[in-house]
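Worksheet for the structure shown next.
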Amino acid sequence: MDMDKLVALCRRRGFIFQSSEIYGGINGFWDYGPLGVELKNNIKAAWWNDMVRNPPLGPDGQEIEMVGVDCALIMNPKVWVASGHAAGFADPMVACKTEGCKKLYRADKVFLVDLSPATPGGAGVAVGVEANSEAEAQTLALDVAKKFKKKHASDATSALAMPLTSIANSAAGIQGALCPNCQKNSLTPPRAFNLMFESHAGAIQSEENKVFLRPETAQGIFVNFKNVLDSTRLKLPFGIAQVGKSFRNEINPRNYTFRSREFEQMEIEFFCRPNESRMWYEFWRDVRKKWYSELGIKSSNLRPREQGPEELAHYSVGTTDIEYMFPFSDEPQELEGVAHRGDFDLNAHMKLSGKDLAYFDEEGWNAFLQEKLEPYKDDKKRREEEKKKLDKEERPKYAFVPHVVEPSAGADRFTLAVLCEAYAEDTVGGEARTVMRFHPRLAPVKAAILPLVNKEGMPEKAHALYRELKQDWNVFYDDGGAVGRRYRRQDEIGTPYCITIDGQTLQDNTVTIRERDSTEQRRIPMATVADEIRKALKPQR
RNA sequence: GCGGGUGUAGCUCAGUGGUAGAGCGCCACGUUGCCAACGUGGCUGUCGUGGGUUCGAGCCCCAUCACCCGCUCCA
């Protein structure tokens, strides 16, 4: 599939426009047009319906409890300190200025081997090495120093590696750092790359009122964990869901809408007992992959991939990326991350806020109490004493911080995947056509109502049907040009059904219903059209 | 952030310094009898943006923006 053709279609038919296009656009931001907003809304509605309102049954057949929230984009900046984003999202970077090299490194991954002892006169020169840790750098240091010994004569036994970030206040008097790649003295000083968008709450800009646009929706859920618990009578396990915009200052937005700086997430934080967390992690990983398949993503294009330990996020003890083979890449790209976050977030917020976010297991505690007090049921005084004792000694064991499984899906990324997956070219009666094979649930327009010709009462009949159907769905009325052309127009925007009102309709109130993918037509009573559409839109499970 | 490429009508593209074009699409009227029909008429452009050279710039020069490819980055 040719990405350019899809991009052209999306623009031509009003799925996706470049943001602020008349001003030359803006890198990393996109707008959804009339059809795009329908498609994306359908995707979000399908997700909310299938995951929140009517989630699948749990691993042992029980109902799953799910509720939603809709949190502010801007939160107290301390949220991002607790979550680790304030520190981890501002990686200092260094670049090499030499023509033909121009490598860019994370500053904390570059270490300097001080060559001063190996250099005549002790001139301050150090060479950079790339390593993941200071220990790793140290093992490389001697080799590097030996290599340089040839050039700089004397002895290299005392080579030391130190983090590049310490170069500014180094006592060694190092005047330059050689690029690990081209070994020229042209590394820039470390510069901050802050990946969070900043703003100010209040009209006066100052350091005190600096705020951040959220880089993920998850933290709104965590900070409201206690509120939800206290207002709903939910018991573990349960999930809290949120759909909303997030913002990341991506260094280099690329690949159409795939890596945008403003994007929408569909996230669940599923809270469970620590000893059941692996089970729920595997459950959600499988549920989420199945969901994509149900909505028409071919399984050959879907790749669940367990992340290796080295690429895990700072909070995660296990993550599966559900990836999709986009046409713009040879490698599958992430649609969703299903992460086992352990108790990282709730603990972090407990620590920084000083608020108790532990869950108290009432059921377990009551069962335990009942069992322990059973022998004293006829001795009220003894019973009270025992209860006090147990309260003091045993009760705290029933309070714990839940573990969390987080299926975090990209609404825009899935929208893009749906567009890629749907795009097809085939031939009908020897003529080429372009057809978007959307799942009916996701199709922006569910049906087109077409009078075969504009006379003999056909438009009136067609209008009546149109008015009936549009009460429930986005349907489209088209009386322009030959019917074949109208069919093709609907194919191109992925409308699953075309309903044609013809001469026979006037006789017996039947219409033809044309199926998009096969182009086959059936004749059905006009009164059953709504049922036909409804049937196609029912989630299959 | 670096290097390379691209930018002309809604789309695909032609236009090598001298009056901005074609096909498709779109709109109107007529026609219409199930898969991009036909006839007639019509709309469509700050030639990505800003500056410069020139009597004159879509075309040459500089800058800038956006998109594509590669590098880099992506908790």
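The chains referred to below are lettered A, B, ... by the order of the sequence lines, with proteins before strands, and numbering in each begins at 1. Just the heavy atoms: all of them, side chains too, but no hydrogens, waters or symmetry mates, feed the values below.
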What interatomic distance, in whole Å, is found between [atom1] of [M] and the corresponding atom of [N]?
| N | M | atom1 | answer |
| --- | --- | --- | --- |
| G58(B) | G21(B) | C1' | 12 Å |
| G7(B) | U64(B) | C1' | 13 Å |
| G48(B) | C68(B) | C1' | 15 Å |
| U44(B) | G10(B) | C1' | 8 Å |
| U8(B) | U46(B) | P | 11 Å |

Should the pair Tyr256(A) and Trp30(A) be assigned to parallel (<30°), tilted (30 to 60°) or perpendicular (>60°) ring geometry?
-> perpendicular

Quick one: sort the Trp280(A) and Phe270(A) rings into parallel, tilted or perpendicular, breaks at 30° and 60°.
-> tilted

Answer with base, sugar-phosphate or nothing: what part of the nucleic acid does Gly14(A) contact at a heavy-atom distance below 4.0 Å?
-> nothing

Between the protein and nucleotides 24-27 of chain B, list the N/O to N/O atom pairs that are separated by less than 3.5 angstrom.
residue : atom : partner   : partner atom : Å
G25(B)  : OP1  : Arg485(A) : NH1          : 3.3
C26(B)  : OP1  : Arg489(A) : NH1          : 2.6
C26(B)  : OP2  : Arg485(A) : NH1          : 3.3

Taking C-beta and beyond as the side chain, do Ile16(A) and Val7(A) meet within less than 4.5 Å on heavy atoms?
-> no

Selection: residues 259-272 of chain A, any non-hydrogen atom under 4.0 Å of RNA chain B | Arg259(A)

Where along residues 520-532 of chain A does a heavy atom come under 4.0 Å from RNA chain B, residue by residue in number order?
-> Gln521(A)

If a pair satisfies side chain to side chain donor-acceptor pair (under 3.5 Å) and one of its residues is in residues 408-418 of chain A, list it, with sequence neighbours excluded.
-> Tyr32(A)-Asp412(A), Lys40(A)-Asp412(A), Glu267(A)-Ser408(A)

Strictly under 3.5 Å: I want the nitrogen or oxygen pairs between protein and nucleotides 4-10 of chain B, one per line.
residue : atom : partner  : partner atom : Å
G10(B)  : O3'  : Arg11(A) : NH2          : 3.4

Look at the side chain of Arg514(A) against the base of C35(B) and say whether a donor-acceptor pair falls under 3.5 Å; ignore hydrogens and angles.
-> yes

Hey, is the side chain of Tyr487(A) pairing donor to acceptor with the base of C34(B) inside 3.5 Å?
-> yes

The Watson-Crick or G-U wobble partner of U31(B), with both key distances under 3.5 Å, is none

By nearest nucleotide on RNA chain B, pick out whichever of Glu334(A) and Phe328(A) is the more 5' one.
-> Phe328(A)

If you check the Thr512(A) side chain, which of A36(B), C67(B), C34(B) turns out closest?
-> C34(B)

Would you indicate, yes or no, if C68(B) has its OP1 or OP2 atom less than 4.0 angstrom from a side-chain nitrogen or oxygen of Asn255(A)?
-> no

Below 3.5 Å is the cut-off: list the nitrogen or oxygen pairs between protein and nucleotides 31-33 of chain B, distance only.
residue : atom : partner   : partner atom : Å
G33(B)  : O6   : Glu456(A) : OE1          : 3.4
G33(B)  : O6   : Glu456(A) : OE2          : 2.5
G33(B)  : N1   : Glu456(A) : OE1          : 3.0
G33(B)  : N2   : Gly503(A) : N            : 3.2

Identify which one of Phe258(A), Phe414(A), Tyr423(A) satisfies the ring pair (Phe, Tyr, Trp, His ring centres under 6.0 Å) criterion when paired with Phe326(A).
-> Phe258(A)

